[in-house]
Amino acid sequence: MRLQNIGHFYKNSTKALRTNLLHILFLIGLFINFGLYGQEKDSKDSDLGYLIKNRVDSLTQTIRFTIGDTLPQTTVNKKRETLTDVVDAFAKDYKRLSRKENKMYLYNKAEVIYGDMVITAGRIILDNKSQEVFAAGIVDSTGAYTQMPTFKQGDNLIEPDSLIFNFKTQKALVFNSRTEQGGFKVKGEISKRQNDSIYYLANAKFTTAEDVDDADYYFFARKIKFVPDSKIVTGFVNMYIADVPTPLGLPFGYFPLTDKQSSGFIIPSYGENRNRGFFLQNGGYYFAISDNADLAVQGDYYTNGSYGLRLESNYNVRYRFNGNIALRYEKLLLEERGFPDFSETTVYNLRWSHSQDQKSNPSSRFSASVNLGSSDYYQQSVNQNNTGNFLNNTLNSSVSYSKSFEGELGMNLNISATHNQNTNTEVINLTLPTLQFSVGRIFPFEPNNGTKKGAIQNINLQYNVRAENRITTTDSLFFQPEMFEGADVGARHTIPISTNFKIFDHFSVSTSANYNEVWTLKTFEQRFDEQLRQVERDTITGFDSYRTYDFSTSVGTTVYGMFPFGDDNKIKAIRHVIRPSVSYNINPAFDQYYDEYVRTGIAGLEDEVVEYSRFEGTLNGAPGNQFSSSMSFNITNDLEAKVRKKDSTLSGDERFKKVMLLSNFGISTNYNFATDSLNLSPLSLRGTLPIVQDKLAINFLGTLDMYALNSNNRRIDKLNINNGGSLFRLTRGNASFSYSLSNKDFQKKEGEEEEEEDFDSESYLNGGRPDDLFGTSEMLNRPNPDKEPVSDENEFYNYAIPWNLNLSYTMTYSNTARENEISSHSIMFSGDVELSPTWNVGVSSGYDLRNKGFSFTQLRFAKDLKSWQMSFNWTPFGVRRSWFFFIGIKSNILQDVKYDRNRERDRTLQ
C-alpha cells in the first residue's frame with residue numbers, strides 16, 4: 001500500500017506568521033530578480049534520509065512495518081527503564097495477546113491511552129518487549145482504506161495513515177499524517193517526534209486551501225524542524241501553484257513561535273508613480289505592546305521627496321471597552337523642484353473609534369467617533385482610496401459621555417464635543433464642549449391610583465438645559481490660536497408644560513406652553529458712524545440674558561370611510577382614512593430687548609431709524625420682536641383596497657389581500673392673523689403613489705401659491721386669480737422613485753402562488769424603498785463571507801445566473817420667480833451579475849439629464865479562485881479616473897502574498 005506522508009506543523013499566532021511572511025516576500029523578490037531558485041527534488045529521493053539516518057534508534061531503522069515483525073530493542077535514552085504511566089487498550093472486535101511474541105493485537109476501532117496521549121486506529125499492535133506501538137487503518141470489503149489512525153497529545157491532533165510510537169523514548173514516526181496548525185493545513189511524507197520539545201518533518205507541504213491533497217497552491221519544504229512555543233526552521237522552500245513549482249523560493253526560513261503577539265518589521269512594497277517616481281510604501285515596524293494594545297508605525301517614501309507617516313493602534317479591554325485610533329500625515333510634492341508645474345501640499349487625517357461594553361456600567365457610557373483632518377485629504381492622499389469619503393463633502397466627529405441618575409425624576413447628563421467640516425468650503429464648526437442636562441417628565445396632579453384622566457391630571461412639565469462653546473473656523477486656521485478668538489458661549493434653559501385630553505370622545509386635544517431663558521457671555525452694541533458711513537459693532541463682554549414664552553394647541557381626529565363592492569367582485573372594498581388636524585400658535589413680541597440707532601441720510605435722503613437687539617450674533621440669537629398669531633391646517637389621506645387573490649381554493653378573508661392605492665397624501669397651509677397682508681402661506685402637497693407593490697412607488701411634493709407676482713417677481717397682496725392667472729401658481733415640484741429588480745422576482749417559489757405579497761406601506765413613508773442603490777461598500781479584493789460555497793462541480797456549468805438592478809430617478813421643477821425651469825433632473829443606476837458561482841460583474845453610474853453628463857461611474861470585476869481572490873475595479877472617466885487590479889490569497893494569515901497594480905487618479909495639488 002502506498003503511503004503519503006504529512007508533516008506536523010505547530011500552531012502559530014497570526015501576527016507572528018504575518019510578520020515573518022513579509023520577510024519571505026522580500027527574499028522572494030530577490031530570488032526573482034537574480035534567478036536564484038532551485039528545482040524540485042523527487043519526494044522519494046534521499047531527502048527521507050534526513051529523518052532515517054540514526055542506526056542506533058530503533059524507530060529510524062524500519063520504515064515498512066509488517067504485523068508479524070519484531071521491533072528491535074532500542075538503546076537510546078537508557079535512563080527510563082519502565083513506563084511512567086498505565087497503558088489502557090481497547091478494541092471493538094478483539095484484543096489478542098500473543099505470549100510467544102510478547103505482543104497484543106487490537107482490531108476494529110482500537111484505542112490506546114497513555115498519559116495525555118491518545119492513539120486510535122483500525123488496528124494497533126503493542127510490542128511489550130520493545131515498548132512500541134504500531135497503528136494503521138484497515139481495508140474494508142470494498143477495498144477502501146478506513147479507520148486511519150489519529151494521534152492526539154494535548155491540543156495537537158495528527159491524522160496519519162500509520163504511525164510508530166515508543167513509550168520508553170517518547171519518540172514517534174508518523175506516516176502520511178494530516179493536521180491543521182495555526183490556520184495551515186499541513187501534509188508531509190514523514191514526521192518524527194524526537195521528544196515533546198522537538199519535531200522533524202521531511203518533504204512537507206502546507207497550505208490554506210480546503211483540500212490539502214488537491215490544493216490549488218501550497219508551499220513545499222524539504223526539511224523542517226520546529227520547537228513548540230519557540231521556533232520553526234526550514235530548509236529550501238518554494239511555492240507551488242496547481243502542482244507546478246514556481247520561482248518563488250527561499251534557501252531557508254526561520255519562524256519564531258509564540259502564543260502572543262510579537263513585534264517585528266513590516267516589509268514595504270515597492271513600485272513607481274508617474275508623478276513622484278519610485279516609491280517604498282507601507283514599510284515600518286509593528287509593536288506588540290501588550291495583550292490589550294498594539295501599535296503599527298508605517299511610512300511611505302517617493303524619490304521626488306514626497307513622504308507619508310501613519311500611526312495605527314488597536315486596543316481592547318474585555319468586558320469594558322475597545323477601539324482603534326489612526327493618525328496619518330503626508331507631505332506631497334508634484335513633479336520635481338524647479339519645474340514650472342511643481343507644487344506641494346500637506347494633508348493629514350485623524351480617526352478614532354471607541355465603544356464601551358454596555359454591561360461594564362449601565363448608568364454611564366463613553367463613546368467616540370472621530371474623523372477630522374485636511375479638507376482635501378481624501379482627494380489628495382496617495383495611500384488612501386476611499387470612494388465613499390471622496391464623494392461625501394462633510395467630515396463629522398463626536399466624543400460624548402452620558403450619565404443617568406437613578407430616581408423618580410429620571411435625570412440625565414450628557415457632555416459631548418462635536419466637529420463638522422465641509423470639505424468644499426473648508427468651514428469647520430466645533431462645539432468644545434456641549435453640556436445637556438434634563439429632568440424627566442413630572443405629573444404634579446397625577447392621581448395616586450388608577451390612570452390619568454382629563455386635562456388637569458395630564459398636566460406635565462420637564463426641564464432641559466443646553467450649554468455650548470461653539471467655534472467656527474476654517475481649514476487654514478485649524479489648531480491655530482486664532483480659531484478660539486471668535487468662540488460663542490451660551491446656554492438655553494427650557495421648561496415645557498403640556499397636557500392632552502379628549503373632547504366629544506373623538507377629538508384629541510393637546511396644549512403646551514414653553515418658557516425659555518437664554519444666557520450669554522457677550523453681546524453686541526451697534527451704532528452708525530457718519531464719517532465712515534457704516535455700522536460699527538462693539539463687543540460687550542459679561543453675562544446677559546433674556547426670557548421668552550409661547551403657547552400652542554392642536555385638535556385632531558381620524559375619520560374612516562368604507563366603500564364596499566361585495567365579496568363576489570375582484571375589489572371587495574376601498575377604505576379611505578382621513579386624519580385632519582388644526583393647530584393654533586401665539587408668540588408675543590419681546591420689544592424690551594431691542595434698541596435703535598439712526599442712520600443719517602445723504603443728498604437729501606431722510607434719516608432711517610434702525611431697530612436691533614444686542615443679542616443678535618450671539619450663540620442662541622435674539623428673541624423675536626414680531627407678534628405672531630397663526631393657525632395651521634393639515635389633512636392626510638390614505639387609500640387602500642382589498643383585492644381578490646388568484647388562488648381560487650381559499651375561503652373567507654383569506655381570499656383577499658390589502659393593496660395600498662395612495663399613501664400619506666397630505667395638504668397643509670398656515671394663516672397668520674397678526675399680519676396685514678400675505679396672511680396665507682403657500683399650500684404644500686406631498687404623498688406616495690405605489691405603482692408596483694413592494695417594488696416601485698413615486699414620491700411627489702409640490703408648493704402652490706395663491707398670491708400673484710409683480711413685475712419684479714415679488715409676492716404682492718393680490719390673489720393670482722385676480723391678476724389674470726389661475727387659482728394657484730405651482731412654485732415648486734419634485735418627483736422621485738427608486739426601483740429594485742433581480743432574478744428572484746421572476747422565480748416562483750415552491751408551494752407558492754405567483755402573486756404579490758401584502759403591501760407594506762411603512763417602507764414608503766420616507767421616500768421609497770430603503771435599499772442601498774449603489775450596492776455595498778465591501779472591498780472586492782477580499783472574500784465574501786456571505787457567499788455560499790459551491791458544493792457540486794456541475795454548478796459551474798448548469799447554473800441560474802443571479803443578477804440585480806437598482807434605479808433611482810429624481811426631477812425638480814422651480815417657478816418661484818417665474819424661472820419656469822427644471823432645476824435638477826437625473827437618474828442613477830447600479831447592478832451586479834453573477835456570471836458563475838466564481839465570477840461577479842458590477843457597475844454603478846448615473847446620468848444628469850439636465851446638464852447632459854455622467855456622474856461617478858465604476859466598473860467592478862471579481863473572480864473567486866478557491867484559495868485566491870482576484871478583482872479589477874475601473875473608473876473610466878472623471879476626476880477619479882483610475883483602475884486597480886488585485887490577486888491574492890484569501891486567508892488572513894497569508895494576506896501579504898498578493899500582487900496588485902493600479903493607475904492612480906490624476907491630482908492637482910493646491
Side-chain angles (χ1 to χ4, degrees), residues 12 14-32 182-185 205-212 215-220 237-250 253 255 264-272 279-284 286 296 298 300 312 383-387 776-787 789-790 836-842 858-874 882-904:
N12 188 18
T14 302
K15 290 294 183 182
L17 276 176
R18 181 180 179 184
T19 302
N20 290 280
L21 282 171
L22 289 171
H23 289 272
I24 293 177
L25 292 176
F26 180 74
L27 293 175
I28 284 173
L30 296 179
F31 268 76
I32 295 176
F184 280 106
K185 294 178 177 63
K205 63 180 182 180
F206 48 96
T207 179
T208 59
E210 289 296 327
D211 187 0
V212 69
D216 49 359
Y217 88 97
Y218 57 86
F219 295 94
F220 188 83
V237 180
N238 68 312
M239 186 177 185
Y240 282 64
I241 298 179
D243 290 327
V244 177
T246 67
L248 306 179
L250 287 172
F255 303 88
F265 288 98
I266 302 174
I267 304 301
S269 60
Y270 64 92
E272 182 182 4
F279 64 78
L280 290 175
Q281 252 183 17
N282 301 319
Y286 175 81
Q298 294 177 273
D300 312 324
E312 299 184 14
N383 204 3
Q384 174 69 234
N385 185 59
N386 191 318
T387 299
T776 61
S777 59
E778 63 179 342
M779 297 298 291
L780 293 178
N781 61 354
R782 291 285 93 190
N784 186 353
D786 298 327
K787 183 177 177 180
V790 178
S836 74
T838 62
W839 264 112
N840 187 281
V841 179
Q858 184 185 68
L859 301 175
R860 303 178 295 273
F861 306 89
K863 173 68 173 176
D864 189 341
L865 300 170
K866 291 187 178 180
S867 303
W868 299 67
Q869 181 79 14
M870 181 179 68
S871 66
F872 178 71
N873 291 358
W874 180 31
S882 58
W883 58 263
F884 298 89
F885 174 79
F886 171 90
I887 184 171
I889 297 177
K890 293 180 182 178
S891 173
N892 289 330
I893 299 175
L894 299 176
Q895 63 180 344
D896 292 310
V897 182
K898 63 181 181 179
Y899 175 80
D900 55 351
R901 298 291 294 175
N902 67 81
R903 178 198 181 277
E904 294 186 4

> Taking the side chain from Thr207 and the backbone from Tyr217, do they hold a donor-acceptor pair closer than 3.5 Å?
Replying inline: yes

> Step by step, would you call Gln298 with Ile266 a side chain to side chain contact (heavy atoms under 4.5 Å, CB included)?
Replying inline: CA-CA 8 Å; Gln298 294 177 273; Ile266 302 174; 4.1 Å; yes

>> Does Leu865 form a side chain to side chain contact (heavy atoms under 4.5 Å, CB included) with Ile887? I'd like the steps, not just the answer.
In response: CA-CA 9 Å; Leu865 300 170; Ile887 184 171; 3.9 Å; yes

> About how many Å separate CG of Asp864 and OG of Ser871, when rounded to the nearest 0.5 Å?
Replying inline: 11.5 Å

> Taking the inter-plane angle between the rings of Phe206 and Phe219 on a 0 to 90° scale, is it parallel (under 30°), tilted (30 to 60°) or perpendicular (over 60°)?
Replying inline: parallel

> What's the shortest heavy-atom distance between Ala215 and Tyr218, and which atoms?
Replying inline: CB-CD2, 4.3 Å

> Between CH2 of Trp883 and CH2 of Trp874, what distance do you get to the nearest 0.5 Å?
Replying inline: 11.5 Å

>> Taking the side chain as everything from C-beta on, heavy atoms only, tell me whether Asn238 gets closer than 4.5 Å to Pro245.
In response: yes

> So, for Ala862 and Trp839, which heavy atoms are closest and what is the spacing to 0.1 Å?
Replying inline: O-CE3, 3.4 Å

>> With a 3.5 Å distance limit and no angle check, can you tell me whether Asn282 reaches the backbone of Pro268 through a side-chain donor-acceptor pair?
In response: no

>> side chain to side chain contact (heavy atoms under 4.5 Å, CB included), that's the test. Do Asp216 and Trp868 meet it? Break it down for me.
In response: CA-CA 9 Å; Asp216 49 359; Trp868 299 67; 4.0 Å; yes

> So how far is it from Ile889 CD1 to Gln869 CD, rounded to the nearest 0.5 Å?
Replying inline: 12.5 Å

> Does the side chain of Asn840 reach to within under 4.5 Å of the side chain of Arg860, using non-hydrogen atoms?
Replying inline: no

> Roughly how far apart are Phe220 CZ and Asp243 CG, rounded to 0.5 Å?
Replying inline: 11.0 Å

> So Met870 and Phe885, side chain to side chain contact (heavy atoms under 4.5 Å, CB included) or not? Walk me through it.
Replying inline: CA-CA 8 Å; Met870 181 179 68; Phe885 174 79; 3.7 Å; yes

> Any donor-acceptor pair under 3.5 Å linking the side chain of Thr246 with the backbone of Tyr240?
Replying inline: no

